[in-house]
Amino acid sequence: MDGNGRWAKHRFLPRVAGHRKGVESVRSTVQGCAERGVEALTLFAFSSENWRRPAEEVSLLMQLFVSALQQEVERLHQNGIRFRVIGDLSRFDPTLVELIANAQRRTAGNSGLALTVAANYGGRWDIMQAVNRLRAEHGSGLESWTEAQLQAYLALSDLPEPDLFIRTGGEQRVSNFLLWQLAYTEFYFTDTLWPDFDAHALDLAISSYRQRERRFGRTSEQVVASQDSRS
Ligand code: IPE
Ligand code: MG
């Protein structure tokens, strides 16, 4: 979710105004995904690199996170959404950690959209915490580990790998998001700034995705043949 600051700057508003408007885009995108039958939505809200921002902005982002949790969790629950946060929570304020834990507990039994917020998350961090936990639990007993063994310790290991990656705000990079999980994901970049990302923008991304042919290393002819044999 990129472009909050620029959205505000274009309007001669403080950056915080962009972040506030960005929360509205989160709300509408969650709703849009739920309505469209999307199985899982993962939002990159705050990267491990974002601590480098001015202290005032970091603290404001945290406050927004707290107030969004306070206001939205009940609604998420009513809509059958299963909410969780991935990332290193050790640097967060205990109040926020507590709110996250409550929200996760409250919605754990839901079977609708799996909504994940990545906070103080980094793809490299994810891989390293998986390696460390794998090693801690299995020691050096194993000669070499398989991808499947490592995968089980990564964040989102219970979800299918993402089909579509959307980055708003015009930059064309991954910025240490889900590095492992994005191996076969389709990428979609848009100049739309996150606060302007609405249902129409979501539909544009999904229709772009629908035009892609996903070959997973095979040839186009093989893909077409396997689709024919299935229908
Ligand atoms: C994304 O918007 C929001 C967060 C990283 C929390 P930015 O704040 O990066 O917006 P720009 O890139 O300055 O426009
Ligand atoms: Mg940015």
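Starting from 1, each residue takes its place in the sequence as its number. In listed order, ligands and their atoms are each counted from 1.
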May I ask you to list the atoms of ligand 1 that are less than 4.0 angstrom from any heavy atom of Leu61? 6 (C)
Honestly, for Asn50 the part within reach of ligand 1 (heavy atoms, under 4.0 Å) is side chain
Tell me which protein heavy atom sits closest to atom 4 (C) of ligand 1, plus the residue, atom name and distance to 0.1 Å. Ala45 O, 4.0 Å
For atom 13 (O) of ligand 1, tell me which residue out of His19, Arg15, His10 has the closest non-hydrogen atom. Arg15
Side-chain heavy atoms of Leu154 within contact of Ile127, under 4.5 Å: yes
For atom CD of Gln104, decide whether the heavy atoms of other residues, nucleotides or ligands shown that lie under 6.0 angstrom number more than 12. yes
With under 30° as parallel and over 60° as perpendicular, where do the rings of Phe189 and Phe187 fit, or are they tilted in between? tilted
Are Asp158 and Arg84 close enough for a salt bridge, meaning some N to O gap below 4.0 Å? yes
Could you tell me whether Glu213 and Arg215 have a side-chain N and a carboxylate O separated by less than 4.0 Å? yes
Closest protein heavy atom to atom 2 (O) of ligand 1, given as residue, atom name and distance to 0.1 Å: Asn4 N, 3.2 Å
For Trp7, is at least one N or O under 3.5 Å away from an N or O on ligand 1? no
Return yes when at least one N/O/S atom of Asp2 is nearer than 2.8 Å to the Mg ion (ligand 2), and no when none is. yes
Arg53, portion touching ligand 1 at heavy-atom distance under 4.0 Å: side chain
Nearest-neighbour protein heavy atom for atom 1 (C) of ligand 1, which is reported as residue plus atom name and distance: Met1 O, 2.9 Å
among protein heavy atoms, the one nearest atom 10 (O) of ligand 1 is Gly5 N, 2.9 Å
Considering only heavy atoms from C-beta outward, does the side chain of Ser226 approach that of Arg218 to under 4.5 Å? yes
Quick one: sort the Phe46 and Trp51 rings into parallel, tilted or perpendicular, breaks at 30° and 60°. perpendicular
Mode of Ser47 contact toward ligand 1 - side chain, backbone, both, neither (heavy atoms, under 4.0 Å): neither
Can you tell me if Gly3 has a non-hydrogen atom under 4.0 Å from ligand 1? yes
Within the structure provided, determine whether Tyr121 and Val85 are in side-chain contact (heavy-atom separation under 4.5 Å). no
